[in-house]
Amino acid sequence: YMITTGIYEITQPFAYELEIYYDYYWQDATHDAPAEDELEVIKVLLNGLDITTFYYDFLETEISTQLHEYAQENKLTN
């Protein structure tokens, strides 16, 4: 597996900054096996306050698709 660590940010100037710290693991497809990947959220901050539990309880389903797409697109840049 390859691994990268990144930060996905959602910001609204003068209102809020949401930072999602994650680890993204992937393995490219081979002739014998399909591609695999996994995304693990490490920490979530809202304006500098840790809201990781709140993220998992209420926001994960809303944000997970765009976070996963961001991690895939940026896996080689972090």
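Both backbone and side-chain heavy atoms feed into the values below; hydrogens, waters and symmetry mates do not. The first residue in the sequence is number 1, and the count goes up from there.
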Once rounded to the nearest 0.5 Å, what's the spacing between atom CD of Glu40 and atom OG1 of Thr5? 9.5 Å

State the CG-CG distance between Leu59 and Leu67, to the nearest 0.5 angstrom. 11.5 Å

Joint hydrophobic cluster, Ile20 plus Phe58, side-chain heavy atoms closer than 4.5 Å: yes

Which pairs pass side-chain hydrogen bond (donor to acceptor under 3.5 Å, both in side chains) with one or both residues in residues 57-69, sequence neighbours excluded? Tyr8-Gln66, Asp37-His68

Does one side chain, of Asp50 or Thr52, offer a donor that lies under 3.5 Å from an acceptor on the other? yes

In the single-linkage hydrophobic clustering (I, L, V, M, F, W, Y; side-chain heavy atoms under 4.5 Å), do Tyr1 and Val41 co-cluster? no

pair Leu18-Ile63: side-chain heavy atoms closer than 4.5 Å: yes

Kindly give the heavy-atom pair with the smallest separation between Asn47 and Ala15, and that separation in Å. ND2-O, 3.7 Å

Mind listing the closest non-hydrogen atom pair of Thr11 and Glu17 along with its distance? CG2-CG, 3.5 Å

Do Ile3 and Tyr21 share a hydrophobic cluster, counting only Ile, Leu, Val, Met, Phe, Trp and Tyr and linking them when any side-chain heavy atoms are less than 4.5 Å apart? no

Could you tell me if the side chain of Tyr24 sits less than 4.5 Å from the side chain of Asn74, heavy atoms only? no

Spacing of CZ belonging to Phe54 relative to CG belonging to Leu49, to within rounding of 0.5 Å: 12.5 Å

Hey, what do you get for CG (Leu45) to CD1 (Ile51), rounding to the nearest 0.5 Å? 8.0 Å

Which atom names give the shortest non-hydrogen contact between Asp28 and Trp26, and what distance separates them? OD1-CD1, 3.4 Å

For the atom pair OH (Tyr25) and CD (Glu36), what is the distance rounded to the nearest 0.5 Å? 14.0 Å

